[in-house]
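In the text below, chain A, chain B and the rest are named by the order of the sequence lines, each starting its count at 1. Just so it is clear, the structure is predicted and the values come from calculations on it, not from any experiment.
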Protein chains: 2
Amino acid sequence: MATPRTLRTRARILDAALDLFERQGYDATTVNQIADAAGITPMTFFRHFPTKDAVLVTDPYDPLIAQAVGAQPADLPPLERTRLGMLAALGDITPTEDATARRRVALVTQSPSLRAAVAIGTEATQEAIVEQLVADGVDPLDAAIAASACLAATTAALLAWGTAPSDVTLADLVHRALAQLALEKP
Amino acid sequence: MATPRTLRTRARILDAALDLFERQGYDATTVNQIADAAGITPMTFFRHFPTKDAVLVTDPYDPLIAQAVGAQPADLPPLERTRLGMLAALGDITPTEDATARRRVALVTQSPSLRAAVAIGTEATQEAIVEQLVADGVDPLDAAIAASACLAATTAALLAWGTAPSDVTLADLVHRALAQLALEKP
DNA sequence: CTTGAAATGTTAGCGACTAACATTTCTAGG
DNA sequence: CCTAGAAATGTTAGTCGCTAACATTTCAAG
């Protein structure tokens with residue numbers, strides 16, 4: 001179910017899309033243009049990516065984060081637990097991933113519709129975390145509050161990192177975002 | 001610039017839209033249907049509301065919150081400051097507002113695109129808070145983290161309130177959401 | 001009344017996205 | 001090498017949100 005041909009066109013779409021997005025902006029780029037540049041039909045584009053924004057927005061971290069949250073001591077308050085879990089799951093991203101990530105983040109900051117897509121994407125992660133916490137007896141409302149606060153903090157840091165380029169690594173960024181939510185100051 | 005005629009059609013659009021949304025869902029309702037039910041043209045709809053979701057999503061709290069945040073003691077950590085500010089601005093919503101709010105929130109929880117619209121809507125509030133904090137010397141990144149965490153927590157609580165109806169008041173809800181972000185436990 | 005501006009209608013179109021059906025392209029088996 | 005059969009792509013036609021340019025109606029003040 002992952003034939004070489006599929007992977008090839010998928011990569012071509014991705015290349016063409018990123019190129020056009022960076023040259024003329026996300027909103028100014030139509031799916032038709034992407035399809036033309038990739039040598040395919042608009043229809044084929046949507047067979048590989050469900051939406052236009054899916055080219056940029058993909059969240060492969062959901063299961064890892066939720067699992068890491070569940071692995072934290074269950075007697076901690078919900079916020080502290082998700083905080084430590086996310087830190088464990090995201091705290092050691094290798095600097096190699098930074099380069100490609102930066103391109104995508106820089107693009108996402110450009111358009112509100114893209115940030116909206118990111119928000120939808122994080123919902124899945126949030127629900128996964130909530131599920132973990134609720135399974136351990138945490139009140140659903142408290143779980144939702146804790147999860148969304150931690151996710152929003154890291155997302156905000158990520159977007160700020162995209163707009164104002166600094167040479168901070170992604171891992172440092174996550175640490176800084178979550179440190180501010182720590183219950184007691186060091 | 002607020003003639004009686006304008007207000008009347010605006011109200012008719014709002015009535016028709018809420019009615020249709022509740023009867024057949026947000027996504028299943030087209031602007032054409034709303035326009036028909038309101039006795040107008042789709043074009044006229046968009047002259048009163050910039051987008052379909054604008055009928056449900058409106059955030060009139062921005063300036064109050066930012067101001068309240070600025071009014072908190074400047075020597076507190078950013079998170080604690082926005083937390084107390086939001087508590088001051090939103091902590092005493094009258095129960096009268098609850099009924100109409102509940103209808104809207106219940107609808108918003110139905111559709112991902114609507115929740116995304118809410119997220120984009122809160123961006124303005126977030127920027128207003130960040131501006132306040134930065135003006136007092138707080139690092140922009142830290143300000144963004146604090147503001148987004150507090151806003152996300154209250155939004156999450158609000159949406160949970162919409163899905164699982166309880167007889168908690170809006171003010172109680174805000175208190176509960178923000179209490180979890182308090183730096184030291186009582 | 002009448003006049004002039006505000007509000008609405010008309011037409012035409014773009015862009016994201018979908019469904020049903022036809023067609024090409026690769027890939028495995030003989 | 002060649003030929004099924006499936007996977008990938010193309011075609012066509014359409015819906016829905018949304019916009020622009022221009023014509024038309026409605027209403028309130030003189």
Side-chain angles (χ1 to χ4, degrees), chain A residues 1-18 20-21 23-58 107-108 110-121, chain B residues 1-18 20-21 23-58 107-108 110-121:
Chain A
M1 60 188 77
T3 99
R5 192 153 136 232
T6 301
L7 295 178
R8 219 171 43 206
T9 50
R10 196 190 147 92
R12 271 168 56 193
I13 294 175
L14 237 156
D15 281 350
L18 285 182
L20 287 172
F21 289 164
R23 290 224 315 270
Q24 53 187 11
Y26 174 81
D27 289 313
T29 303
T30 79
V31 173
N32 275 314
Q33 294 175 341
I34 300 175
D36 281 353
I40 55 165
T41 295
M43 181 79 256
T44 301
F45 173 92
F46 287 110
R47 277 202 261 258
H48 287 266
F49 297 91
T51 58
K52 179 184 168 189
D53 43 50
V55 177
L56 287 175
V57 178
T58 1
L107 282 170
V108 166
Q110 281 183 10
S111 161
S113 54
L114 277 175
R115 294 195 295 273
V118 169
I120 300 276
Chain B
M1 58 191 78
T3 95
R5 192 155 136 230
T6 300
L7 296 178
R8 218 172 43 203
T9 50
R10 196 192 147 91
R12 271 168 57 191
I13 294 176
L14 237 156
D15 281 350
L18 285 182
L20 286 172
F21 289 163
R23 290 223 316 268
Q24 53 186 13
Y26 174 81
D27 289 313
T29 303
T30 77
V31 174
N32 275 313
Q33 293 175 341
I34 301 174
D36 280 353
I40 55 166
T41 296
M43 181 80 255
T44 301
F45 173 92
F46 287 110
R47 279 202 260 256
H48 287 267
F49 297 93
T51 58
K52 182 184 167 189
D53 45 49
V55 177
L56 286 175
V57 179
T58 1
L107 282 170
V108 166
Q110 282 183 8
S111 163
S113 54
L114 277 175
R115 294 193 296 272
V118 169
I120 298 283

Margin query: From CG of B:D36 over to C1' of C:dT8, roughly how many Å is that when rounded to an integer?
Written below: 15 Å

Next item on the list: Compute the angle between the rotation axes at the two ends of the helix from C:dC1-D:dG30 to C:dG30-D:dC1, each taken over five pairs, rounded to 10 degrees.
Entry: 0°

Margin query: If I compare all heavy atoms of A:Q24 with all of A:Q33, which pair ends up nearest, and what's the gap?
Written below: NE2-OE1, 2.7 Å

Next item on the list: Check the distance between D:dT19's C1' and B:M43's CE and give it to me in whole angstrom.
Entry: 7 Å

Margin query: For B:R5, give me all partners under side chain to side chain contact (heavy atoms under 4.5 Å, CB included), at least two apart in sequence or on another chain.
Written below: B:T3, B:R8

Notebook entry, point to check: Touch check for B:T44, heavy atoms < 4.0 angstrom, all strands: base, sugar-phosphate only, or nothing?
Noted result: sugar-phosphate

Next item on the list: Enumerate the residue pairs fulfilling salt bridge (charged side-chain N to carboxylate O under 4.0 Å, His left out) with a member in residues 23-40 of chain B, sequence neighbours excluded, ordered by first and then second residue.
Entry: B:D19-B:R23

Item checked: Closest to the B:T3 side chain, choosing from C:dA6, D:dT11, C:dT10 -> C:dA6

Can you tabulate the close N/O pairs, meaning under 3.5 Å, that link protein atoms to atoms of nucleotides 15-18 of chain D?
residue, atom, partner, partner atom, Å
D:dG17, OP1, B:K52, NZ, 3.1
D:dG17, OP2, B:V31, N, 3.1
D:dC18, OP2, B:K52, N, 2.8

Next item on the list: Figure out the CZ/C1' separation between B:R10 and C:dT8, and round it to whole Å.
Entry: 17 Å

Note to self: Can you build the contact string for nucleotides 22-30 of chain D? Use B for base contact, S for sugar-phosphate-only contact, and - for no protein heavy atom under 4.0 Å.
What the structure shows: ----BS---

Next item on the list: For A:H48 and D:dG10, give me the distance from atom NE2 to atom C1', rounded to whole Å.
Entry: 12 Å

Next item on the list: Let me know which of B:V108, B:L107, B:L114 forms a side chain to side chain contact (heavy atoms under 4.5 Å, CB included) with B:F21.
Entry: B:L107

Under 3.5 Å, side-chain donor or acceptor atoms of residues 38-57 of chain B against the rest of the protein: list the pairs with distances, not counting sequence neighbours.
residue, atom, partner, partner atom, Å
B:H48, NE2, B:T9, OG1, 3.4
B:T51, OG1, B:D53, OD1, 2.6
B:T51, OG1, B:A54, N, 3.3
B:K52, NZ, B:Y26, O, 3.1
B:K52, NZ, B:T29, O, 2.7

